Amino acid sequence: MSYNPYTKAHPVSKSLPSDPSEKNPLYGFLPRKVTAKQVQTAMESDINPFTKKPHSPQYKKILEARKKLPVFGQMDEFLKMFTNNQIIVMVGETGSGKTTQIPQFVCYSDLPHTKGQMVACTQPRRVAAMSVAKRVADEMDVQLGKEVGYSIRFEDMTEPGTTFMKYMTDGMLLREAMNDPDLKRYSTIILDEAHERTLATDILMGLIKDLAKRRSDLKVVIMSATLDAQKFQKYFSIAGPSQPAPLFKVPGRTHPVEVFYTQEPEPDYVEAAIRTVLMIHRAEEPGDILLFLTGEEEIEDSCRKIKLEADDLVNQDPDSVGPLVCIPLYSSLPPQQQQRIFDSAPPPRTADGPPGRKVVVSTNIAETSLTIDGIVYVVDPGFSKQKVYNPRIRVESLLVSPISKASAQQRAGRAGRTRPGKCFRLYTEKDFMTELEEQTHPEILRSNLANTVLELAKLGVKDLVHFDYVDAPAPETLMRALELLNYLAALDDDGNLTPLGAIMADFPLDPQMAKMLIVSPEFNCSNEILTIVAMLSVPNVWLRPPNQRKEADQAKAMLTVPDGDHLTLMNVFNSYMNNKHDRQWCWNNYLSQRALQQAENVRMQLQRTMERYEIELVSTQDERRLWQNIRKALVCGFFMQVAHKEGEKNNYLTVKDNQVVSLHPSCGLETTPEWVIFNEFVLTTKPYIRTVTEVRPEWLLEYAPAYFDPSTFTDGETKRALLRVQKKRSLKSGDGGASNGRNSPASDLPAKKKKKIGTS
DNA sequence: GAGCACTGC
């Protein structure tokens, strides 16, 4: 083993110790004062500067390819800016190489391994974190998981003490910040794809801006698309209001895309889209097409229509129209079918016939998450499904809305990745200029923030309303979140995090679910609640193929527990386990094995967190009692999501919000009980409540007395029903009703259980 | 009597 002059105990502040430069390519490097010339010499060395081992044969080959990236030519400029500034905003267009190269430049200058620290680079998506880490490990000629690693949920590919370059999801870094608010293990933090404005990135920006003031040794790089750079420069002007963070700009390496607009607005964008695809197929040069639509049904429908019409064209004119394949793409497709987008276009039908063409019909997944090479034509109708949150009725829903200019630009760019392309926008140029918003609203303005507010509290943010957000959420949204967390006893009346809230924040769950999981040992059903919570955390497990709906519904009925959908979910998971994860069993029962497998993963992760807090895993033998206990535990988390049946038409009214809702058709209840608890409120063709279980009104009064205090209700059937129950209860017990206090037993730590474990 | 844009912990 070669001599390593660096030790972790002593931060290097001066030039590194003397060592012949042939043996130590980093000889003479002054941390954060490194020049491009030094880095380039070190890169050309036969010895890997970080492992001190000889470079592998392919290293130089990869290096030659890296040198052709636009960002490589600006290494000197970047390093100077990195030396002279604490925070840099960087703009790098597609193909600039920023995600792979900038973190490496930072490593060469920052030398995190000499200080026992790391450089972090966040990504909004897991696959990106993994694949970029792999690429960079290859470029740096190290084994993935050693010097270069990644960290995503369920998978930590890093080695403490060895890894100094870590790619990770933004959510993962946020989690780490909850346990170490100063993020001391990082010398530089790079937030990549900041323009995507995910919830996690937005919160991280606020935290890191503040952290940079406390930690003068921390360096920060914000990487974004062009349009947002100014906003971030201004936001990160920590040196003074008139001193925006410096901008480092790198051109992209893409091909020009010619953009076309329609002359008149299109009344039916799906019809127009299909027409445009067929027009391209008839009249344009060979090259694949990408069409953006809004959802699964629309996509499957359009694929069928395009296929029919294209076959017609081929039959009418086989000498000039080639074969066409139409491939749907959306996230709920099984991975194997998603892979089809990488198939090549069909060959000509005869040796000298017209060439074939591939059409991918996709949701927004192809805008950011997946890149398809070989796309030359993009058809952009200008719509996508977007999440909107209405704090007044506390409902998140999906709405087909016009996209932003930034989004339209991103879509068009998909046509120019391999050669010059064309983008057909199915709206007028005037509408593009005047009607489309510049940017898509960041997620923080469109979401229920219950989770986020709890995280912020755990992160030590005292004043949530005046936190330095890049874009501040609506006060009403924050109030809704604070209210919920206060009712759940995660925050006290002054908005301070309670000990219970601190534990809740550690579970990667919605606060309601975290709460019911933590109190579940008191009802002797934590084993079951853990399963239910895991099942609620994964995508729908029920498959319902269009041509086998009846069979699928029958299979589902076999697994249904009539007392409630939550119990049905538990039953499905247990049956899956009893059938030893059998694929055939899943298939026979129209269940998604992928989702069930995911639920098992989530369950194991949550169980580890439970163990850390010594929350017991217990169960009840008698099934009837067990089911009742489970329903009581559900009330402790979801008492704010209760609906009361009103009138004879099977309509329900949500408690307090007084929204008229119906049971979702997927609901498995055999009757329509007077009181139900629901997991979600969905607004589709009409307002529905989904995943519903019957509860008893006495439980509402007992486990959430503050929320169900009848005096806080407006007059109506719900209030009268509550008063009747209250009266009956007080006659029975002789006291006022609630047995032990305001929010008990769900109000505080499960002290009894903790002690029991502590002594064992 | 109907759906599930997309991520992330």
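These figures come from a predicted structure and were not determined experimentally. What's counted below: heavy atoms across the whole structure, side chains too, no hydrogens, waters or symmetry copies.
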Just the rounded figure in Å: distance from [atom2] of [N] to [atom1] of [X].
X        : N     : atom1 : atom2 : answer
A:Glu196 : B:dG8 : CD    : P     : 11 Å
A:Glu367 : B:dT7 : CD    : P     : 12 Å
A:Glu298 : B:dG3 : CD    : P     : 13 Å
A:Trp542 : B:dG1 : CH2   : P     : 21 Å
A:Glu300 : B:dA2 : CD    : P     : 20 Å
A:Arg197 : B:dG8 : CZ    : P     : 19 Å
A:Leu606 : B:dC9 : CG    : P     : 13 Å
A:Leu199 : B:dG8 : CG    : P     : 13 Å

Please work out if [X] contacts a base, only the sugar-phosphate, or nothing of the nucleic acid, heavy-atom cut-off 4.0 Å.
X        : value
A:Gln386 : nothing
A:Asp506 : nothing
A:Ile152 : sugar-phosphate

Open item on the list: Check this for me: does the side-chain of A:Arg544 come within 3.5 Å of the base of B:dG3 through a donor and an acceptor?
Closed with: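 Counting by modelled atom types and ignoring angles, a donor-acceptor contact under 3.5 Å is found here.
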Can you check whether A:Cys121's main-chain N or O pairs, donor with acceptor, with A:Asp192's side chain at less than 3.5 Å?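 Not confirmed, A:Asp192 side chain does not pair with A:Cys121 backbone.
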Would you indicate, yes or no, if [N] has its OP1 or OP2 atom less than 4.0 angstrom from a side-chain nitrogen or oxygen of [X]?
X        : N     : answer
A:Ser666 : B:dG3 : no
A:Thr169 : B:dG8 : no
A:Arg126 : B:dC9 : yes
A:Ser662 : B:dG1 : no
A:Tyr688 : B:dA2 : yes
A:Thr684 : B:dA2 : no

Subject >> Side chain of A:Ile365 (C-beta onward), nearest among B:dC9, B:dA2, B:dT7 >> reply: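 Nearest listed nucleotide: B:dT7.
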* Please tell me which of the listed nucleotides, B:dG3, B:dT7, B:dC9, lies nearest to the side chain of A:Arg549? =>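 It is B:dG3.
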Note to self: I'd like to know if the side chain of A:Thr672 pairs up with that of A:Lys645 as donor and acceptor (distance under 3.5 Å, no hydrogens or angles considered).
What the structure shows: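 Yes, because at least one side-chain N or O of A:Thr672 sits under 3.5 Å from a partner of the opposite role on A:Lys645.
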(request) Check whether the side chains of A:Asp506 and A:Thr609 place a donor and an acceptor atom closer than 3.5 Å, and report yes or no. (result)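 No - no donor-acceptor pair under 3.5 Å links their side chains.
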Q.
For A:Leu509 and A:Ser369, find the nucleotide of DNA chain B closest to each by heavy atoms; which residue's nucleotide sits nearer the 5' end?
A.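 Upstream on the strand: A:Ser369.
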Select from A:Ser332 and A:Arg125 the residue whose nearest nucleotide in DNA chain B is closer to the 5' end of that strand.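 The residue closer to the strand's 5' end, by nearest nucleotide, is A:Ser332.
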Original post:
Distance under 6.0 Å and angle within 45° of the ring axis: does A:Arg425 meet both against A:Phe432?
Top reply: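 The answer is yes; both the distance and angle limits are met.
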- request: Indicate the ring-plane relationship of A:Phe573 and A:Tyr576, choosing parallel, tilted or perpendicular according to the 30° and 60° boundaries.
  value: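 A:Phe573 vs A:Tyr576 ring planes: tilted.
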For a side-chain contact (heavy atoms from CB on, under 4.5 Å) with A:Met504, tell me which candidate from A:Leu454, A:Asn451, A:Leu497 qualifies.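 The single option meeting the side-chain contact (heavy atoms from CB on, under 4.5 Å) with A:Met504 is A:Leu454.
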